[in-house]
Every structure is written in structure tokens, then in C-alpha cells.
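Residue numbers run from 1 in the order of the sequence given.
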Amino acid sequence: MRAALRALGYVFAGLAAVFLTRDIVDLINGGSFEPLTFGFVWHTLGPTSLQLAEAAISRYLHPFLWHPVVVTLLLWPAFVVFAIPAALLFLFSRRPRRSGLRFRSD
């Protein structure tokens, strides 16, 4: 289980690195930092799935979840949206610490 979470964390971290690299290249070439938003990336990859997600969340879960919550997430930079789950997956997949100190007896 721990290995699967860590592998998924690497996938999210890789996606975050790709989007951050793209934003930095645009900064170097254009002179201004305008990162890709998560909503733009989702709309570019699948506009119909974005519309279906809006309808499903608003209708079957709660309208409050779409407009203030998901819309805010869609306006965040894409590298941040992928970096947060990566950090959480790495955090939850680490080995538990040993309790207590071990002393050497000479």
C-alpha cells in the first residue's frame, strides 16, 4: 500500500514539475509570470468532462461545492493543484517512526 501511494505521489509530483517548468519557460521567454490554471488545463484536455463534472457536482452533491470550492480550485495554478496531493501522498506513505530512543550499552 505504501509503495502504491508513493508511486502515485511521484506521478503527481512529475505533473507538477512539468507545469512549473512550462510556466518558468514562459516567464523567461515572455517576461511575466502567468501560470496555467488548472481549469484551463482541464478544459484543454476534456471540455465535456468539465461540463459534466459541474452538472454532476451541482445536482447530485451540493451546488455550494461547485461554485465557491471547485471554481476556486480551477483558478489555482496547475502546478500547485498537483503539488499538494503529491506532498500529501508522500507524507502518508512514509514509514512510521520508531517510538523511544535506543541507547548503546558499552
Side-chain angles (χ1 to χ4, degrees):
M1 178 69 171
R2 200 175 322 172
L5 289 178
R6 188 161 287 281
L8 191 58
Y10 280 122
V11 169
F12 278 108
L15 287 170
V18 166
F19 287 120
L20 182 61
T21 303
R22 186 257 180 220
D23 293 339
I24 290 173
V25 167
D26 272 0
L27 171 66
I28 292 170
N29 290 337
S32 65
F33 186 68
E34 295 177 15
L36 285 177
T37 62
F38 180 63
F40 177 77
V41 171
W42 190 355
H43 182 22
T44 302
L45 295 176
T48 56
S49 68
L50 181 61
Q51 293 171 347
L52 287 174
E54 178 184 6
I57 291 172
S58 295
R59 184 176 301 151
Y60 296 115
L61 294 176
H62 198 281
F64 176 79
L65 284 176
W66 182 262
H67 286 286
V69 178
V70 176
V71 170
T72 302
L73 185 72
L74 291 172
L75 295 175
W76 284 4
F79 71 90
V80 173
V81 173
F82 288 108
I84 290 172
L88 291 173
L89 286 167
F90 287 139
L91 180 70
F92 291 134
S93 67
R94 66 182 184 167
R95 291 188 175 148
R97 292 183 175 220
R98 293 182 184 173
S99 61
L101 298 175
R102 294 184 175 231
F103 295 101
R104 273 182 79 173
S105 61
D106 289 325

**Q.** Verify same cluster id: Val11, Phe38 (apolar side-chain graph, 4.5 Å)
**A.** yes
Q.
Is the ring pair Phe64/His62 parallel, tilted or perpendicular, if the boundaries are 30 and 60 degrees?
A. perpendicular
Q) Cluster question for you: counting only ILVMFWY and a side-chain heavy-atom cut-off of under 4.5 Å, with indirect links fine, are Tyr10 and Leu20 together? A) no
Q. If we only count heavy atoms from C-beta on, is the Leu74 to Trp66 side-chain gap below 4.5 Å?
A. yes
**Q.** Cluster check Phe82, Leu45: I/L/V/M/F/W/Y, side chain < 4.5 angstrom
**A.** yes
(Q) How about CZ on Phe33, more than 12 heavy atoms from neighbouring residues, nucleotides or ligands closer than 6.0 Å, or not? (A) yes
Q.
Once rounded to the nearest 0.5 Å, what's the spacing between atom CG of Leu73 and atom OG1 of Thr37?
A. 10.5 Å
Q: Check Ala86 against Gly9 and note the closest heavy-atom contact, atom names and distance.
A: CB-O, 3.6 Å
(Q) On a heavy-atom basis, which atom in Val41 and which in Ala78 lie closest, and how many Å separate them? (A) CG2-CB, 4.0 Å
Q.
I'd like to check Ile84 versus Trp76 (side-chain heavy atoms, cut-off strictly below 4.5 Å). Are they in contact?
A. yes
Q | Pairwise side-chain contact, Arg94 with Arg6, heavy-atom cut-off 4.5 Å (strictly under) | A | yes
Q. Heavy atoms, side chains only, cut-off 4.5 Å: are Phe19 and Pro35 in contact?
A. no
Q. So if you build clusters from Ile, Leu, Val, Met, Phe, Trp, Tyr with side-chain heavy-atom gaps below 4.5 Å, do Phe40 and Val71 land together?
A. yes
Q. Can you tell me how far the OG1 atom of Thr44 sits from the CG atom of Leu50, to the nearest 0.5 Å?
A. 10.0 Å
Q.
For a 4.5 angstrom cut-off between non-hydrogen side-chain atoms, does Gln51 reach His43?
A. no
**Q.** Nearest-0.5 Å distance, CG of residue Leu61 to CZ of residue Arg59
**A.** 12.0 Å
Q: Report yes or no: do Phe79 and Ile28 belong to one cluster of Ile/Leu/Val/Met/Phe/Trp/Tyr joined by side chain heavy-atom distances under 4.5 Å?
A: yes
Q) Which pair of heavy atoms, one from Pro85 and one from Val81, lies closest together, and at what distance? A) CD-O, 2.8 Å
Q. Nearest heavy-atom pair of Leu5 and Ser93: which atoms, and what distance?
A. CB-CB, 3.7 Å
